[in-house]
Amino acid sequence: MKKLIRFNRIDTPELLVDESIFALQNGLIGVRGNFSEGYNESDYKQTLINGFYNFYDYKYEENSPAFPQVGQRIVNVIDGQSIEIYLENKAINLENCKLTKLEREYDLSKGYTTRKAEYLTKQGYLIHIYEEKLVSFIQKELLIIKLKISSPNYKGKLKIVSSLQLPNKALAKEFDSRINIPSSDQLTIQEKYFNKDLVVLLTETTSSKLVLSAGMIHNIPMDYSTSSKGINGTLEISLENDFEINKFVVYTPQSLYPRYLEDNLRILDEAINKGFEHYKLEQLNYLNDFWKHQNIEIIGNKMLHESIIYNIYQLNSCAVDNTELSIPAKGLTGEGYEGHYFWDTEIYMIPFFAITKPETAKTLLLNRYHHFDKARKVAKDQGATKGVKIPWRTINGSELSPYYPAGSAQYHINSDVAYSVIKYFQFTKDFDFMIDYGFEMLLETARFLYDVGNYHAGKFHINNVTGPDEYTAIVNDNYYTNSMAKYHFEVLGDFYYKYKKKLNLAITLLMVDDQEIEELIKAARLMELPFSKELNVILQDDSFIQKKALDFNKLPIDTFPLILHYHPLFIYKHQVLKQADALLSMFLLDYDDLEVFNQSFDYYLPKTTHDSSLSKCIHAIVAFRLGKVDLGYEYLEDIAKIDMENTHHNTNHGIHIANSGGIYLTILYGILGFRIKDENIVFRPVLPKEIESLKFKLFYKNTEINIYLNSEIEFRVDKPIELGIYSKNILIEDTYSCDYRKNYKTKLKK
Ligand code: BGC
């Protein structure tokens with residue numbers, strides 16, 4: 001099946017959305033899908049480097065020394081995308097010409113984007129532009145742009161200006177707390193290097209003093225000159241023949257490349273010698289391998305199929321290979337959330353990597369470990385005497401949340417990281433990781449939570465927390481936080497006793513003993529888990545049920561997301577959820593009392609706005625689990641459209657990478673009903689009528705498992721493996737198929 005995303009829209013507002021959708025990224029650099037020729041003279045082209053940020057001071061009216069005082073935001077670095085085209089000194093762009101045709105494609109098999117544009121100039125000339133843009137998955141520092149220019153009715157001169165320059169200032173925008181693009185300069189140019197056809201700018205961020213070297217070279221000689229913004233390469237051409245230029249741009253941040261200038265020059269030199277075709281081939285080989293392993297096909301539903309492959313492609317494009325780095329909430333596709341990363345990484349993204357690319361999952365977990373010293377400070381700042389507190393939002397490992405009720409108070413992030421460690425281990429059986437890091441991660445995150453909590457009337461309580469639902473803040477005994485902590489403490493206890501001998505060194509270094517572990521196990525046993533006997537539902541926390549109802553369907557449609565339109569205190573006093581909370585834990589911990597699960601789902605659903613893009617995927621998975629297949633499908637369709645159709649109205653800030661992971665989880669955990677149970681994997685499939693059939697490939701315990709789902713489920717494996725289908729355990733030698741719907745129906749009746 002062709003793996004292609006094709007867009008054809010010309011209206012300007014959509015261009016900003018399409019910049020995100022057509023963003024190219026590889027975990028190190030992210031280049032938004034800007035037009036090389038520019039929209040106008042001052043358009044805002046964006047290139048982001050993972051972990052490259054600037055500081056700025058937080059200002060609080062009522063400050064506390066324990067609040068984070070300095071923020072960090074990802075920096076829009078030197079722009080290498082610009083290749084401007086001038087006809088009689090007028091730039092060919094949206095401002096001066098009419099755009100009469102625009103065709104864009106994202107080729108997910110080849111790993112680059114293409115764009116065909118036709119401009120009509122005021123003189124009546126038609127100028128055709130064809131562009132290819134590639135950010136290499138192999139040579140991660142490299143961006144390549146090929147631009148072809150031709151015209152059916154103009155054969156005269158054009159001037160080409162290809163530059164490496166400071167980005168223009170961002171345009172003033174309406175208030176939106178989810179994006180905070182600075183209007184002042186974040187970078188200064190320190191030096192300009194010219195080395196024959198290689199040119200390099202050395203830049204430094206204004207306050208964090210991070211150094212980045214950005215270089216460029218072209219496949220044809222240019223006249224280089226400097227400007228206050230950077231370096232321009234100029235060329236006069238005649239359109240008697242079609243014209244083509246290849247531009248190679250390389251970024252090397254000092255933090256990751258101590259020899260940033262030499263490395264930059266070397267990579268540029270190699271790139272120009274190897275040429276664009278070489279990198280295209282490398283990209284193709286990389287993606288052939290990727291798609292061979294990630295064979296997901298939705299048959300009979302084109303929209304869904306395209307969205308799924310696009311989203312897993314983008315998620316995979318976020319893979320990092322350095323423990324200094326993690327994955328920002330928007331990947332490197334935009335400046336939304338200032339380039340911070342959150343629990344999104346552990347709960348929504350790592351499951352994909354644990355299954356498809358375990359080394360990336362491990363790198364992401366090690367990123368948390370790598371920053372444990374800073375997390376220890378966060379714990380102290382929050383008054384704890386022991387353990388680490390994973391920062392709620394961060395770039396370099398320190399806490400950046402300026403609004404603690406919907407930030408730092410989300411203690412659940414400690415158990416989210418622990419959960420991710422546990423799932424990584426269950427999936428990969430990477431025992432060395434657990435001994436060297438995993439055990440310590442489980443212990444230190446648990447120590448903090450234990451320190452926060454206390455006993456009252458025979459129960460262990462964790463008070464003054466915010467769960468995943470940020471519309472309910474600073475409450476006692478949030479079910480998600482407590483149930484995840486319970487699981488976390490229990491698994492830690494089991495692991496400690498099971499591998500005590502092997503953990504000898506860690507036990508000594510961490511000064512942990514049986515008594516401490518017993519205390520954690522006891523806290524887990526006595527953990528308060530709010531429940532209403534009357535309603536037969538899990539309670540989100542100990543006060544949710546007392547709050548006022550809010551019929552948000554009666555609120556004007558343009559007041560969503562509520563957080564951008566109402567005072568938090570208005571929101572907090574109502575029974576209204578931004579996103580899945582108790583239901584998320586019920587999914588993650590595979591809650592098995594389906595009656596309570598069902599009633600809890602029905603209870604929270606009408607109270608949930610889904611203002612967060614992290615919400616509907618979880619509702620889809622739960623709906624499928626509960627046999628509400630039509631509803632599950634409705635949510636699946638909604639999440640598939642979040643970026644493709646900009647349904648959250650902020651795809652221009654970057655694509656929602658947690659949702660990309662959520663889409664994958666919905667197929668695997670929702671439709672296929674996949675779970676890991678002890679040593680075995682289990683499937684509880686359901687198939688919505690809107691999908692004819694589904695193909696999915698999975699690797700578990702070195703076995704390749706090919707799944708085909710329609711009215712039956714069929715497994716093809718390359719080694720014998722035992723797995724469960726609903727409650728039946730089956731040893732599959734090579735192929736096996738069955739009509740799963742009988743099991744499914746019996747299950748539902750229960
Ligand atoms: C959600 C958080 C999430 C953050 C970044 C917020 O809107 O409520 O759960 O971590 O976005 O994606």
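Read the numbers this way: they start at 1 and go in the same order the structure lists the ligands and their atoms. No hydrogens, no waters, no symmetry mates; every other heavy atom, side chains included, goes into these values.
A salt bridge does not link Lys423 with Glu346: every distance from a Lys NZ or Arg NE/NH1/NH2 to an Asp or Glu carboxylate oxygen is 4.0 Å or more. The pair Lys362-Glu359 does not count as a salt bridge, with every side-chain nitrogen at least 4.0 angstrom from each carboxylate oxygen. The pair Asp643-Lys330 does not count as a salt bridge, with every side-chain nitrogen at least 4.0 angstrom from each carboxylate oxygen.
Ring geometry, Phe560 versus Phe552: the interplanar angle exceeds 60°, so the pair is classed perpendicular (tilted spans 30 to 60°).
The residue among Gln579, Gln410, His340 with a heavy atom at the shortest distance from atom 1 (C) of ligand 1 is Gln579.
Side-chain polar atoms of Asn50 and Gln25 form no donor-acceptor pair below 3.5 angstrom. With 3.5 Å as the limit, one finds no donor-acceptor pair spanning the side chains of Thr445 and Asn414. Remark: the Gln410 side chain and the Glu470 side chain contain an N/O donor-acceptor pair separated by less than 3.5 Å.
Interface atoms of ligand 1 facing Trp343, defined by a heavy-atom separation under 4.0 Å, are 2 (C), 3 (C), 9 (O), 10 (O). Of all the atoms in ligand 1, the ones that sit under 4.0 Å from a non-hydrogen atom of Lys578 are 1 (C), 6 (C), 7 (O), 8 (O).
No N or O atom of Trp392 sits closer than 3.5 Å to an N or O atom of ligand 1.
When hydrogens are left out, the protein atom nearest atom 6 (C) of ligand 1 is Tyr337 OH, 3.3 Å; that is the closest non-hydrogen contact. Closest protein heavy atom to atom 2 (C) of ligand 1: Glu470 OE2, 3.5 Å. The nearest heavy-atom contact from the protein to atom 5 (C) of ligand 1 is Asp344 OD2, 3.3 Å.
Here Leu614 has side-chain heavy atoms under 4.0 Å from ligand 1, and that is the only part of it that gets that close. Neither the backbone nor the side chain of His656 comes within contact range of ligand 1; no heavy atom lies under 4.0 Å.
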